[in-house]
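Worksheet: the structure to be examined is printed underneath.
A, B, ... follow the sequence lines: proteins, then strands. Residue 1 opens every chain.
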There are 2 protein chains.
Amino acid sequence: MEGREFKDAMYDGLAKLLKALSNPFRLEIIEMLSQGEKSVEAIVQITNLNFANASQHLQVLKNNNIVKSRKEKQYVYYSLVNDEFLALYQHVVKYAVTEIAELEKIMNRQRTDNQSGNAVSLVELESMIKNNNVLLMDVRPSVEFEFGHITGALSLPMNELMAKLKTLPADKEIIAYCRGPFCVLADEAVRILTEQGYNVRRLDEGYPEWKMKQLEMNHSN
Amino acid sequence: MEGREFKDAMYDGLAKLLKALSNPFRLEIIEMLSQGEKSVEAIVQITNLNFANASQHLQVLKNNNIVKSRKEKQYVYYSLVNDEFLALYQHVVKYAVTEIAELEKIMNRQRTDNQSGNAVSLVELESMIKNNNVLLMDVRPSVEFEFGHITGALSLPMNELMAKLKTLPADKEIIAYCRGPFCVLADEAVRILTEQGYNVRRLDEGYPEWKMKQLEMNHSN
DNA sequence: CAAGTATTCAATGTATTTATTGAATACTTG
DNA sequence: CAAGTATTCAATAAATACATTGAATACTTG
């Protein structure tokens, strides 16, 4: 193979991968799957796509080795192909929200509207947990919590939040987290709990970011 | 802003960035610019695009904050917008060549054809340099070497290689490197020098990967 | 095995991306 | 300031991506 042919093949392949990623619905699907595997039905519900369209997008992701599927009974479950891909996706998101002015602005506005402006980073969280006086609260649906969560977190899904308000200690600072930087559940929790007089902030990142960070640390040891 | 609106805005923004990256010519331009700034003319020559088309692609990259331009005399010079982007691009490439079977295969075939199969990684290089008996050789054009190169490397551009063969020590192992994993100059050098009886291997990565690694190390200190 | 449900396939029209062409602009140099 | 050069702009045609629709498939359960 000549040098030119080789390069063309590599750039074509790269472009194919990036093309598969360059659609907002497919990105939303990827984001969903970063919380664990989901049925097509669940994907349809959350994305507001119809079945045929969602299926089409899923095929694109599958043909580009971004997701894999397994069949159980009459349902098909999709999940991300591996953690390397998740790390890449997170890098893209991180770049976008820190380096693209437009997205940074939207993100900040969202956080201000929800009174969750001063978010805590994963690094800060670590030292806060060491100093102990903090309650880490996972506000995702319990299925997602069960699939995996930050060590030491308490599961308190949004729909149970109001009912279980009294069980929360008034003296501890509360850190709420959910799926990641785009997830608004934690914002919502911060808004509600602030109104109720709690000292609460959100975590900048979510469970998948924490998970990848753990993997990285294990790898470098 | 409602949660749905917010998410849509974020995914649209992300998709826009990825769309700008999802074209083989634009990727080739990015790869070129990772060696330093280039004039439109240089970009046209290497990519085989015509001026109007190259300019169009450059506008796309510029509108998405991937490249920036500066004008000097009648020439316009383009360069990558910052190192964060370069790091992201390198992550994409690394993912693609290690996780996408198709690209991995093409890469391996290329290396086998050029007798440069057992490439050295940056990590290996480091320890080899400590143990000293190795000559690190940069085979890129001298302009690129002058813009930046791996510490301790000798500049020996491909077009001078044959002429300066005798100046190379026969007792040292030679490591040739160029622009990165897609660059075939180092393969070419390995082929030629092996024929001449030298003990030579190529570096898996290139100058930009080394540069980013240095930055990372400085950052974590 | 019939009926129901989950998912995918295939076909079509529309929107978007890309290459090509020719002209316009901007800058330099004599 | 005229002529030449580098780059961009604008318009168009061709290729590709996407949403929508209706049907087909595959599987489960009674």
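- Listed here is the closest heavy atom pair of A:I66 and A:A20: CD1-CB, 3.9 Å.
- In this entry the distance linking CG of A:L58 with P of D:dA19 reads 12 Å, nearest Å.
- In the set C:dT7, D:dT7, C:dT18, C:dT7 carries the atom at the smallest distance from any side-chain atom of A:F51.
- The side chain of A:N23 sits closest to D:dC18 out of D:dT20, C:dT7, D:dC18.
- Distances from the side chain of B:A52 to the nucleotides D:dT20, C:dT8, C:dT20 place C:dT20 closest.
- Considering only the side chain of B:K71, C:dA26 comes nearest among D:dT21, C:dA26, D:dA26.
- Using modelled atom types, one side-chain atom of A:T47 and one backbone atom of A:I43 make a donor-acceptor pair closer than 3.5 Å.
- Remark: B:H57 is in phosphate contact with C:dA19, judged by side-chain N or O atoms under 4.0 Å from OP1 or OP2.
- With the nearest nucleotide of DNA chain D identified for both A:K73 and A:S22, A:S22 has the one nearer the 5' end.
- In this structure, the nucleotide among C:dA19, C:dT21, C:dT7 sitting nearest to the side chain of A:E41 is C:dT7.
- Nucleotide C:dT18: paired with D:dA13 (Watson-Crick or G-U wobble, both distances less than 3.5 Å).
- With a 3.5 Å ceiling on both atom-pair distances, the Watson-Crick or G-U wobble partner of C:dA10 is D:dT21.
- Proximity note for B:R26 (side chain, C-beta onward) versus C:dT18, D:dA19, D:dT7: the nearest is C:dT18.
- By the 6.0 Å contact criterion, CD on B:E102 is open, its count of non-hydrogen atoms from other residues, nucleotides or ligands being 12 or less.
- B:Y77 comes within 4.0 angstrom of nothing in the nucleic acid, heavy atoms only.
- The side chain of A:Y78 places an N or O atom within less than 4.0 Å of a non-bridging phosphate oxygen (OP1 or OP2) of C:dT8.
- Here the P atom of nucleotide C:dT8 and the OH atom of A:Y75 are 14 Å apart, to the nearest Å.
- Nucleotide D:dC27 forms a pair with C:dG4, judged by Watson-Crick or G-U wobble geometry with both contacts under 3.5 Å.
- Atom CD1 in B:I43 sits roughly 14 Å away from atom C1' in D:dT8 (whole-Å rounding).
- Using a 4.0 Å cut-off between a side-chain N of Lys or Arg and a carboxylate O of Asp or Glu, A:E144 and A:R179 qualify as a salt bridge.
- One atom, CG of A:N53, and another, C1' of C:dA10, lie 14 Å apart when rounded to the nearest Å.
- Rounded to whole Å, the distance from OH on B:Y11 to C1' on D:dC18 is 20 Å.
- Looking at which nucleotide of DNA chain C each of A:Q74 and A:Q56 is closest to, the 5′-most match is held by A:Q74.
- A:R70 places its CZ atom 12 Å from the P atom of C:dT7, with the value rounded to the nearest Å.
- A straight line from CG of B:N64 to C1' of C:dT17 spans 13 Å, rounded to a whole angstrom.
- Relative to the side chain of A:K19, the nucleotides C:dA19, C:dT21, D:dA17 differ in distance, and D:dA17 lies closest.
- Taking atom CD of residue A:Q59 and atom C1' of nucleotide C:dT7, one finds them 9 Å apart after rounding to whole Å.
- Between B:E209 and B:K213 there is no salt bridge, since none of the side-chain N atoms of the basic residue sits less than 4.0 Å from a carboxylate O of the acidic one.
- Ion pairing between a basic and an acidic side chain is recognised when a charged N comes within 4.0 Å of a carboxylate O; B:D187 and B:R191 show no such pairing.
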